[in-house]
Amino acid sequence: MVAVMCSHTRPKTVRTGRTGRPRSAEADAAILDATRAALVELGWSKLTMGDVASRAGVAKTTLYRRWTNKNELVVDAVAELFDELELPDLGSLMADVEGVVLQFAALLARPEAKTALMAVVAESTRDDALRGRIRSAIVDRQKRLVLEGRARAQARGELPYEEDAQAASRSADLIFDVIAGAVVHRALVSAEPVDEEWARSFALLLVSGLASLQG
């Protein structure tokens with residue numbers, strides 16, 4: 001994620017609403033990488049902002065200019081991983097669902113993703129603000145995959161267009177909850193494999209259910 005720069009090239013920066021020095025995208029990437037590494041090694045309870053700063057090679061004040069506390073930092077570290085997910089275009093809704101399920105499962109198999117996600121979810125049961133941040137930074141952002149997949153399926157004629165915006169929003173939420181809930185439970189709670197056979201059966205169940213609901 002670190003760009004190779006010539007001596008006369010300015011480093012890439014990320015603008016924020018705060019005044020002062022602009023944020024460095026490279027520093028942010030190093031901090032989020034360090035956060036995930038610290039979670040795998042130390043766990044949630046022993047992870048500190050100071051340890052992350054040391055691993056990332058930045059001052060602790062640099063962290064606090066970006067994130068108010070550990071909760072915000074860890075959620076953003078998880079969110080960055082989830083932003084890697086992409087919806088494949090495999091020619092049919094069934095195939096697209098299978099593809100994104102397998103991609104999601106592969107992400108959850110990575111130690112840094114599994115540890116970070118389980119940590120923030122467990123901690124959020126005692127912290128309403130953290131739960132809200134998970135919803136906005138991870139859940140709401142990843143609903144883009146459902147919206148993209150539904151729009152693609154509608155363009156193919158596999159799903160009908162929904163005229164009622166509220167109903168369309170509710171169905172998108174339901175689709176997201178079904179996919180995310182099933183894959184997370186299978187991979188992290190039951191600790192069973194999310195392989196091609198399981199993904200195909202799940203996709204068939206989901207697509208058949210959508211056809212029944214909207215038929």
Side-chain angles (χ1 to χ4, degrees), residues 1-88 99-100 102-124 127 129-148 176 180 183-184 187-188:
M1 298 180 72
V2 179
V4 178
M5 298 178 293
C6 299
S7 59
H8 61 276
T9 303
R10 292 185 179 182
K12 181 181 178 182
T13 58
V14 177
R15 301 288 179 179
T16 69
R18 301 182 182 183
T19 58
R21 181 181 297 177
R23 288 175 59 158
S24 163
E26 293 162 5
D28 282 0
I31 290 166
L32 295 176
D33 281 344
T35 301
R36 292 187 291 266
L39 270 171
V40 172
E41 183 178 331
L42 303 174
W44 176 279
S45 62
K46 294 183 180 179
L47 183 146
T48 66
M49 298 286 271
D51 181 74
V52 171
S54 177
R55 289 169 184 261
V58 301
K60 191 156 67 170
T61 53
T62 300
L63 257 67
Y64 282 108
R65 280 199 298 268
R66 291 156 162 78
W67 294 278
T68 304
N69 54 48
K70 179 172 78 172
N71 290 359
E72 293 183 1
L73 174 60
V74 173
V75 170
D76 282 3
V78 177
E80 185 181 56
L81 292 178
F82 277 69
D83 284 342
E84 296 176 13
L85 293 173
E86 295 180 355
L87 185 70
V100 79
L102 291 171
Q103 188 183 154
F104 185 25
L107 174 64
L108 293 179
R110 291 161 55 179
E112 68 273 24
K114 175 168 56 179
T115 302
L117 181 62
M118 294 291 272
V120 295
V121 169
E123 191 66 22
S124 72
D127 188 330
L130 176 58
R131 191 157 54 245
R133 190 170 180 88
I134 291 171
R135 185 165 51 248
S136 62
I138 300 175
V139 175
D140 289 346
R141 285 213 313 242
Q142 296 315 313
K143 284 181 183 175
R144 65 185 169 82
L145 299 170
V146 172
L147 298 178
E148 289 171 19
F176 179 88
V183 177
V184 169
L188 301 186

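Note that the numbering runs from 1 along the sequence shown for the chain. Below, all heavy atoms of this structure are taken into account, side chains as well, without hydrogens, waters or symmetry copies.
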| field | Interatomic spacing from CG in L63 to CE in M49 - rounded to 0.5 Å | value | 4.5 Å
| Separation of E148 CD from L145 CG (nearest 0.5 Å) | 6.0 Å
| task | Give a yes or no on whether the backbone of P111 and the side-chain of T115 come within a donor-acceptor separation of less than 3.5 Å. | result | yes
| task | Keeping the roles fixed (side chain from E72, backbone from T68), state whether a donor-acceptor pair exists under 3.5 Å. | result | yes
| Do you know which two heavy atoms are closest between A137 and A79, and how far apart they sit? | O-CB, 3.5 Å
| task | Answer whether the closest heavy-atom distance between the side chains of V100 and L85 falls below 4.5 Å. | result | no
| field | Donor-acceptor under 3.5 Å (S54 side chain, G50 main chain) | value | no
| query | Does L47 offer a backbone N or O that forms a donor-acceptor pair with the side chain of K70 under 3.5 Å? | reply | yes
| Which atom of L39 lies closest to which atom of A119, heavy atoms considered | CD2-CB, 4.3 Å
| query | Between Q103 (side chain) and E86 (backbone), is there a donor-acceptor pair under 3.5 Å? | reply | yes
| What pair of heavy atoms forms the shortest contact from K114 to L108, and how long is it? | CB-O, 3.3 Å
| Shortest non-hydrogen contact from R36 toward L81 | CD-CD1, 3.4 Å
| said: For D51, is there an ion pair with K46 - N to carboxylate O distance below 4.0 angstrom? | reply: no
| Euclidean distance, D76 CG relative to T35 OG1, rounded to 0.5 Å | 9.0 Å
| field | Side-chain ion pair, E84 and R110, N-O less than 4.0 Å | value | yes
| message | Checking N69 against Y64 for the side chain to side chain contact (heavy atoms under 4.5 Å, CB included) test, could you report, in this order, the C-alpha distance in whole Å, the side-chain angles of both residues, the deciding distance, and whether it holds? | response | CA-CA 7 Å; N69 54 48; Y64 282 108; 5.7 Å; no
| query | Which residues pass the ring pair (Phe, Tyr, Trp, His ring centres under 6.0 Å) test with F82, sequence neighbours left out? | reply | F104
| With side chains defined as the heavy atoms from C-beta onward, is the minimum distance between V75 and N71 less than 4.5 Å? | no
| request: Write down the atom of L32, the atom of W67, and the distance for their closest heavy-atom approach. | output: CD2-CZ2, 3.8 Å
| request: Salt-bridge test for D140 and R135: reply yes if a basic N is under 4.0 Å from a carboxylate O, no otherwise. | output: no
| With no hydrogens and no angle check, is any side-chain donor or acceptor of R55 less than 3.5 Å from a backbone partner on A34? | no
| note | Smallest heavy-atom separation, S124 atom then I134 atom, equals CB-CD1, 3.7 Å
